[in-house]
Amino acid sequence: MWSAHSLTQLALLPTAAFAAYSLREVGARNTLDWRIWLESNGKPVSFWHDVPLFPDEENHRVVNMVVEIPRWTDAKIELKRSEPLNPIFHDDKKKMPRFVESVWPHKSYPFLYGSLPQTWESPNFNHDFTNEPGDNDPMDVFDIGGDPGYVGQVKQVKILGGLALNDGGETDWKVLSIDVHDPLSAFVNSFEDIEKYRPGLLKAYYDWFTYYKVARGDGVLPIVGDAYQDVAFMQGTIEESHGFWHELVRGEVDSNEINYNQTSIKGLDSYISKRGTTAAFDIPRKSYILPPLPKPEQYDQWYYLDKDFNLIQLE
Ligand SMILES: *[C@@H]1O[C@H](CO)[C@@H](O)[C@H](O)[C@H]1NC(C)=O
């Protein structure tokens with residue numbers, strides 16, 4: 001019977017399904033063959049297309065975050081666009097696993113970093129505000145809470161603002177957020193509230209995003225608007241990006257080689273029943289974790305920048 005009561009229960013379903021997530025990890029970390037698939041009730045699903053953006057449809061301030069890079073780690077880990085169900089993999093640079101150089105005073109990623117499921121920074125047109133095409137990934141998000149996190153974790157974060165990076169002529173949003181279970185979460189509802197409890201944090205993270213690629217030889221990345229954008233603006237940007245993703249999985253637009261097989265929305269050509277994903281996509285049937293390979297020594301050093309964010313070299 002369709003009462004208001006049963007509708008409320010339906011709205012809670014994604015949160016209930018949540019508890020049933022697990023990970024299927026195969027291979028050795030710090031190698032290009034290593035993968036992690038997300039499982040729902042033991043069956044592989046897509047981190048990108050099957051985790052709901054909003055854990056509670058009634059509250060769009062809180063979003064699901066897929067953790068790719070735990071805090072204080074530096075392996076450049078992300079979702080694989082081109083493979084069915086978009087498993088997590090170790091990004092490569094010149095056929096080697098990629099790590100991020102540590103720029104003084106930071107050691108590796110100073111926050112948890114990941115992506116917003118069911119969003120897409122479409123590269124098919126120039127976006128409003130940045131006037132650049134998207135980078136063809138889900139929107140990026142960082143959590144300033146105390147949880148170190150783990151690769152493949154799906155957690156709920158509250159939106160506090162965001163930064164519009166221009167990364168080599170591509171729109172690359174970084175959504176500022178905090179884990180809803182963090183003790184600080186109750187005290188901060190926008191980026192302006194953070195300074196009182198975490199003096200210097202906003203500036204430190206703003207600078208980190210602008211200069212984190214300088215040590216590898218790239219320039220400083222400009223931030224469009226030269227400031228954090230507020231919650232209302234970011235909520236609008238996330239809703240818009242969620243719409244671009246809908247067009248993607250409905251098969252309405254150029255997918256730019258994104259594999260958008262999904263197990264959540266029946267009736268679309270991109271739909272496949274999750275009962276059959278292991279066989280259909282030839283995914284290893286269970287976890288098989290090998291010892292990690294060592295990280296190349298060059299990533300243990302610190303790089304130093306001058307006041308204009310130029311790399312200081314001893315020559
Ligand atoms: C689903 O995955 C298969 C195998 O990789 C691929 O050929 C097909 O294009 C994918 N479909 C979608 C909608 O991404």
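Ligands are counted one by one from 1 in listed order, and the atoms in each one are counted from 1 as well.
Of the protein's non-hydrogen atoms, Asn259 ND2, 4.0 Å is the one closest to atom 6 (C) of ligand 1. For atom 1 (C) of ligand 1, the closest heavy atom belonging to the protein is Asn261 ND2, 1.6 Å.
Residue His60 is tested with Gln235, Glu239, His242 for a side-chain hydrogen bond (donor to acceptor under 3.5 Å, both in side chains); the sole match is Glu239.
Below 30°, between 30° and 60°, or above 60°: for Trp245 and His49 the angle between ring planes is below 30°, a parallel geometry. Aromatic ring orientation, Phe111 versus Tyr109: perpendicular (interplanar angle above 60°, classes split at 30° and 60°).
Short contacts between ligand 1 and Pro84, defined as distances under 4.0 Å to a heavy atom of the residue, involve ligand atoms 4 (C), 5 (O). Counting atoms of ligand 1 from 1 in the listed order, those under 4.0 Å from a heavy atom of Phe281 are 2 (O).
Enclosure of atom CG in Asp269 is not indicated, since only 12 or fewer non-hydrogen atoms of other residues, nucleotides or ligands lie within 6.0 angstrom.
Checking atom 9 (O) of ligand 1 against the protein gives no heavy-atom contact under 4.0 Å.
Looking at Tyr260 next to ligand 1, an N or O pair under 3.5 Å apart turns up.
Asp143 places a side-chain N or O within donor-acceptor distance of the main-chain N or O of Asp179, the cut-off being under 3.5 Å.
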